[in-house]
Novice: 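Okay, here's the structure, questions in a sec.
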Amino acid sequence: MPVKLEIRASEGDEGKRTITGAIKYETDSAEMRDWYGDPFVEQIAAGAFADSIASRGVVGLWSHDTSQVLGNTKSGTVRLFDGAKELRFEIDLPDTAVGNDAWTLVQRGDVDGVSFGMRVTKDKWSSEKRENGKLYRRTILSAELYEISPVAFPAYPANEVSARSFEEFKASEKRAADQYEKEKMLIELDLFG
């Protein structure tokens with residue numbers, strides 16, 4: 001989701017380096033396939049992590065690697081802000097090799113995606129017909145959130161980008177419709193004018 005990580009450096013707090021991002025709610029994942037090859041997408045429902053983050057710690061990891069810890073909510077180096085549209089997070093990076101690598105790669109834009117580790121406790125499925133078959137949709141209603149990771153290839157690649165792209169798509173559709181109406185009017189004027 002990519003989700004576009006942001007960076008902040010603070011001189012007043014002994015050079016603290018913080019990366020921020022968000023897990024977007026109600027946003028489709030990349031299309032995935034189940035064991036049988038059937039396509040599906042999933043979405044995280046708003047508030048799906050609320051119970052979990054109220055009762056358990058969440059760890060910041062580098063690319064899901066449990067040996068490369070970036071922070072933890074228990075120590076206050078990971079902070080979570082659950083809103084109606086997204087779960088925002090901040091991770092204060094450690095002064096370690098992995099922290100320095102994370103800072104450099106996010107700062108350069110080489111890594112700009114976010115992924116997360118969870119255990120789904122409640123979900124619902126639906127399907128929709130497509131030209132070439134059926135697409136299944138899984139909505140995650142409740143889940144235990146274990147970790148958040150900056151990654152190069154997130155399963156939810158289009159969180160912020162898709163919202164912007166969708167608005168651009170709708171605008172281009174409107175422009176096309178307006179152009180069609182304009183051309184239709186000119187043709188009618190030529191025919192009847």
Novice: Tell me whether D92 is salt-bridged to R79, with the criterion being a basic N under 4.0 Å from an acidic carboxylate O.
Specialist: yes
Novice: Report the C-alpha separation of K24 and K85 in whole Å, then their side-chain angles, then the decisive distance to 0.1 Å, and conclude whether the side chain to side chain contact (heavy atoms under 4.5 Å, CB included) test is met.
Specialist: CA-CA 6 Å; K24 300 287 187 178; K85 295 184 180 192; over 6 Å; no
Novice: V58 vs I148, test: side chain to side chain contact (heavy atoms under 4.5 Å, CB included). Steps then yes/no.
Specialist: CA-CA 7 Å; V58 176; I148 295 175; 4.2 Å; yes
Novice: In the single-linkage hydrophobic clustering (I, L, V, M, F, W, Y; side-chain heavy atoms under 4.5 Å), do M32 and W125 co-cluster?
Specialist: yes
Novice: Checking E144 side chain against V120 main chain: does a donor-acceptor pair fall under 3.5 Å?
Specialist: no
Novice: Taking the side chain as every heavy atom from C-beta outward, state whether L93 and T77 have any atom pair closer than 4.5 Å.
Specialist: no
Novice: After noting the C-alpha distance and the side-chain angles of M118 and I140, does the key distance pass the side chain to side chain contact (heavy atoms under 4.5 Å, CB included) rule?
Specialist: CA-CA 10 Å; M118 65 177 169; I140 297 170; 3.1 Å; yes
Novice: Could you point out which residue of T104, L105, I19 forms a side-chain contact (heavy atoms from CB on, under 4.5 Å) with V111?
Specialist: L105
Novice: I'd like to know if L70 and V78 are part of one continuous hydrophobic network [Ile/Leu/Val/Met/Phe/Trp/Tyr, side-chain heavy atoms within less than 4.5 Å].
Specialist: yes
Novice: Looking at OG of S29 and CD of E42, how far apart are the two atoms once the value is rounded to the nearest 0.5 Å?
Specialist: 5.0 Å
Novice: When you compare the side chain of L145 with that of L87, does any pair of heavy atoms fall below 4.5 Å?
Specialist: yes
Novice: Examine the side chains of S149 and S63 and answer whether a donor and an acceptor come within less than 3.5 Å of each other.
Specialist: no
Novice: A side-chain contact here means heavy atoms from C-beta on lying under 4.5 Å apart; do H64 and S115 qualify?
Specialist: yes
Novice: Can you confirm whether R138 sits close enough to Y136 that some side-chain heavy atom of one is under 4.5 Å from a side-chain heavy atom of the other?
Specialist: no
Novice: Decide yes or no for D82 and Y25: does some side-chain heavy atom of the first lie under 4.5 Å from some side-chain heavy atom of the second?
Specialist: yes
Novice: Would a hydrophobic clustering, with Ile, Leu, Val, Met, Phe, Trp and Tyr connected at side-chain separations under 4.5 Å, put F89 with W62?
Specialist: yes
Novice: Specify the closest pair of heavy atoms between E26 and A46, including all atoms of both residues, with the distance to one decimal.
Specialist: OE2-N, 3.1 Å
Novice: With a 4.5 Å limit on heavy-atom distance, are the side chains of V106 and D112 in contact?
Specialist: no
Novice: May I have the step-by-step check of side chain to side chain contact (heavy atoms under 4.5 Å, CB included) for V69 and L61, ending in yes or no?
Specialist: CA-CA 5 Å; V69 176; L61 300 176; 3.9 Å; yes
Novice: So that I can tick it off, tell me whether E128 and R137 are bridged by a salt bridge, with the cut-off set at under 4.0 angstrom between side-chain N and carboxylate O.
Specialist: yes
Novice: Do other residues, nucleotides or ligands put more than 12 heavy atoms under 6.0 Å from F81 CZ?
Specialist: yes
Novice: Under 4.5 Å between any side-chain heavy atoms of T20 and R88, yes or no?
Specialist: yes
Novice: Does the side chain of R17 come within less than 4.5 Å of N100's, by heavy atoms?
Specialist: yes
Novice: Determine the minimum heavy-atom distance between A143 and S52, stating which atoms define it.
Specialist: O-CB, 3.4 Å
Novice: Please say whether more than 12 non-hydrogen atoms of neighbouring residues, nucleotides or ligands are located less than 6.0 Å from CG in D65.
Specialist: yes
Novice: Where is the tightest heavy-atom contact between D51 and S55, given as atom of each residue plus distance?
Specialist: O-OG, 3.1 Å
Novice: Are I91 and V98 joined in one hydrophobic group, where the rule is that I, L, V, M, F, W and Y side chains link up if heavy atoms are under 4.5 Å apart?
Specialist: yes
Novice: When Q43 is tested against each of T27, D123, T139, D28 for side chain to side chain donor-acceptor pair (under 3.5 Å), which residue passes?
Specialist: D28
Novice: Out of curiosity, does V41 fall in the hydrophobic cluster containing V114 (side-chain heavy atoms, cut-off under 4.5 Å, transitive links)?
Specialist: no
Novice: Could you tell me how the ring of F49 sits relative to the ring of F116: parallel (under 30°), tilted (30 to 60°) or perpendicular (over 60°)?
Specialist: perpendicular
Novice: Is K129 salt-bridged to E131, going by a charged N under 4.0 Å from an acidic O?
Specialist: no
